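Encoded as structure tokens, the structure appears first; notes follow it.
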Amino acid sequence: MSQPTTGYLILDLLVAALLVGGGLFCAVAGLGTLRMQDVIQRCHAATKAGTLGVALIVLAVALYFEDVGVTTRAIAIFAFLLLTAPVGAHMIGRAAYRTGVPLWDKTELDELGGRYPLNKAGKGKAGKDL
């Protein structure tokens, strides 16, 4: 049985640290989604921590497999997530705000107050059920 070389041992430790760190950030994103007080805060927690967690996991995969195809896919996954997660969170937050989902009662500043016509909860512009 051969002993692993020091280079592979360091690479394996780095991959393990990245996987554990990514898993922790994903767990924090899930916990933040459960524990935050309103939709805007939940979107923020899921987007920020979730994106960082997935980035660390995908980096670990790219380092572990040391293949151009896997690395290219890993970069594509990260780029897709980096482009779509903030847009999705923005759309969810905007839809929640415009349909009248209440903000947290300790929210001090509402910069959008009075700028947009709010729809009644569950009603479209014509007043029909959505």
Side-chain angles (χ1 to χ4, degrees):
M1 198 179 232
S2 65
Q3 294 288 337
T5 62
T6 306
Y8 287 121
L9 180 63
I10 292 172
L11 182 65
D12 286 345
L13 290 174
L14 178 63
V15 166
L18 288 170
L19 285 173
V20 169
L24 287 174
F25 273 104
C26 287
V28 166
L31 186 64
T33 303
L34 292 174
R35 300 283 301 176
M36 291 295 165
Q37 289 79 13
D38 66 1
V39 175
I40 308 298
Q41 292 176 359
R42 289 181 185 132
C43 285
H44 176 77
T47 303
K48 297 289 183 180
T51 303
L52 182 59
V54 170
L56 292 175
I57 291 171
V58 167
L59 178 62
V61 168
L63 287 175
Y64 181 77
F65 286 105
E66 298 177 353
D67 181 41
V68 174
V70 173
T71 303
T72 305
R73 288 185 192 108
I75 291 169
I77 289 168
F78 177 65
F80 181 75
L81 186 66
L82 195 63
L83 292 173
T84 59
V87 173
H90 175 79
M91 291 289 109
I92 291 170
R94 182 178 178 198
Y97 185 83
R98 292 193 68 175
T99 56
V101 174
L103 296 175
W104 184 34
D105 59 345
K106 294 185 181 178
T107 300
E108 294 181 12
L109 180 63
D110 180 8
E111 293 183 359
L112 296 178
R115 289 185 173 218
Y116 295 109
L118 298 179
N119 297 334
K120 301 294 182 196
K123 302 286 185 183
K125 288 185 179 179
K128 298 179 182 176
D129 287 333
L130 294 177

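FYI, the numbering just counts along the sequence from 1. Just so it is clear, the structure is predicted and the values come from calculations on it, not from any experiment.
- Note that the CG atom of L9 and the CG atom of L13 stand 4.5 Å from one another [nearest 0.5 Å].
- Residues L56 and L11 fall within the same hydrophobic cluster, defined by Ile, Leu, Val, Met, Phe, Trp and Tyr side chains chained together at heavy-atom separations under 4.5 Å.
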Donor-acceptor list for residues 62-90 side chains, cut-off 3.5 Å, not counting sequence neighbours:
unit_1	atom_1	unit_2	atom_2	d
T71	OG1	D67	O	2.8
T72	OG1	V68	O	2.7
T84	OG1	F80	O	2.8

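- Under a 4.5 Å side-chain heavy-atom criterion applied to ILVMFWY residues, the cluster that includes V20 comprises L24 as well.
- By the criterion of side-chain heavy atoms lying less than 4.5 angstrom apart, applied directly or through intervening Ile, Leu, Val, Met, Phe, Trp or Tyr residues, V15 is grouped together with L52 in one hydrophobic cluster.
- Using a 4.5 Å cut-off between side-chain heavy atoms of Ile, Leu, Val, Met, Phe, Trp and Tyr, with links allowed through other members, F25 and L59 fall into the same hydrophobic cluster.
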Result block: side-chain N/O donor-acceptor pairs under 3.5 angstrom for residues 38-48, not counting sequence neighbours:
unit_1	atom_1	unit_2	atom_2	d
D38	OD1	Q41	N	3.1
D38	OD2	W104	N	3.1
Q41	OE1	Q37	N	3.2
R42	NE	T33	O	3.4
R42	NE	M36	O	3.2
R42	NH2	M36	O	3.1
T47	OG1	C43	O	2.7

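- Between L18 and I57 the shortest side-chain heavy-atom distance does not fall below 4.5 Å.
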